[in-house]
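Just so it is clear: chains get the letters A, B, ... in the order the sequence lines come, proteins before strands, and each one is counted from 1.
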Amino acid sequence: MVCGRIGPARLDRVRIASWNVNSLKVRQERVEGWIADAQPDVLAMQETKLADGAAPLMAFQMAGYELAHHGEGRWNGVAIASRVGLRDVSHGFEGTGPDAEGARFLAATCGDVRVVSVYAPNGRALRTETYEAKLDWYARLLAWLQVNADPRDDLVLTGDLNVAPADIDVYDPTLYVDSTHTSAPERAAFRALLDWGLVDIYRVHHPEPGRYTWWDYRAGNFHKGLGMRIDHLLVTASLAARAVDAQIDRSARKGSLPSDHAPLFVDLDVPGVVLREPWDPPRLMRGS
DNA sequence: ATGGTCGCGCAGCGA
């Protein structure tokens with residue numbers, strides 16, 4: 001808890017999380033509850049499905065976080081909540097391609113870490129225009145990194161990348177042949193991010209199979225363990241060396257009205273980050 | 001194996 005703290009606190013460890021919330025409006029209470037439990041210092045969100053004007057700045061402020069939001073409402077929408085600073089907000093390459101594909105990219109510097117929250121296009125089906133747009137989006141994401149970042153930076157690229165990088169990232173690889181999320185071009189696009197200088201830090205800490213971040217709402221797939229690992233925390237080498245743990249919080253997928261994605265987070269030894277002052281709510285004056 | 005459920009918004013689409 002940050003309540004009761006006097007003066008700025010310095011953190012030696014920073015927790016950076018990502019969660020496709022599938023409508024922040026519907027998920028608001030759940031997100032607030034998860035933040036209170038998990039205490040992330042930075043939370044990247046995807047599929048907020050909100051216009052910027054409807055972003056719940058005050059609710060995050062009350063919890064001690066600044067919020068940057070990029071959305072047009074209805075579909076897509078990405079955000080970054082931070083309690084260790086939030087500056088140099090960028091919408092990146094949004095709107096520059098033949099199919100802009102909506103609000104799917106947001107970058108901000110939190111503490112001294114560059115955080116990029118992305119929501120990759122789904123692709124729907126192979127050999128369709130939306131599939132080609134997905135690959136094009138990936139190409140533009142890589143180009144953004146090449147132009148606007150350096151592999152030597154402290155950078156986290158996180159979010160719903162809509163790619164299962166390897167066969168162990170899907171519950172049954174034989175069902176995912178010649179389909180989106182696993183196709184060779186998609187995996188090559190994902191691999192190109194790693195080749196640029198990013199590390200799949202969750203996989204480093206958890207080489208075991210059966211670790212997923214998304215489960216179809218239908219057919220009780222979550223309870224049957226039928227999921228995919230399509231949400232990722234990709235970090236540069238300098239941060240990978242300082243990552244002490246990474247986890248997927250399956251518990252957040254349980255209960256009533258969950259998102260179909262679970263949040264995941266990485267804990268980094270980044271000494272000297274200053275925790276933002278919690279907002280002091282105005283108090284009602286009592287007449288005497 | 002198929003389809004099964006959500007969210008948005010009010011029909012049917014997107015995931």
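- Residue A/R124 contributes atom CZ, which lies 5 Å from atom P of B/dG14 at whole-angstrom precision.
- In summary, the side chains of A/D245 and A/H205 do not present any donor paired with an acceptor at a separation below 3.5 Å, with no hydrogens or angles considered.
- In this entry the distance linking CD of A/E47 with C1' of B/dG14 reads 9 Å, nearest Å.
- With hydrogens and angles disregarded, no donor-acceptor distance shorter than 3.5 Å links the side chain of A/S90 to the backbone of A/A107.
- In this structure, A/Y217 places its OH atom 13 Å from P of B/dT5, rounding to the nearest Å.
- Between the CG atom of A/N221 and the C1' atom of B/dG3 there is a distance of 10 Å, given to the nearest Å.
- A/R203 is linked by a side chain to side chain donor-acceptor pair (under 3.5 Å) to A/D169, counting only residues two or more places apart in sequence or in another chain.
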Detail all sub-3.5 Å separations between protein N/O atoms and N/O atoms belonging to nucleotides 8-11 of chain B.
| from | atom 1 | to | atom 2 | distance (Å) |
| --- | --- | --- | --- | --- |
| B/dC8 | OP1 | A/S23 | OG | 2.5 |

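- When rounded to the nearest whole Å, the span between CG of A/N76 and C1' of B/dC13 equals 13 Å.
- Judged by distance alone, with hydrogens and angles left aside, the side-chain atoms of A/H261 form no donor-acceptor pair with the main-chain N or O of A/D160 at under 3.5 Å.
- Within the 4.0 angstrom heavy-atom criterion, no nucleotide atom of any strand lies near A/L175.
- Straight-line distance between the P atoms of B/dA15 and B/dG9: roughly 15 Å, to the nearest whole Å.
- In this structure, A/D216 atom CG and B/dA1 atom C1' are separated by 15 Å, rounded to whole Å.
- A salt bridge between A/D200 and A/R229 is present, with a side-chain N of the basic residue lying under 4.0 Å from a carboxylate O of the acidic one.
- For A/F105 and A/W144, the distance between ring centers is under 6.0 angstrom.
- Comparing B/dG7 with B/dA11, their C1' atoms are spaced 14 Å from each other, to the whole Å.
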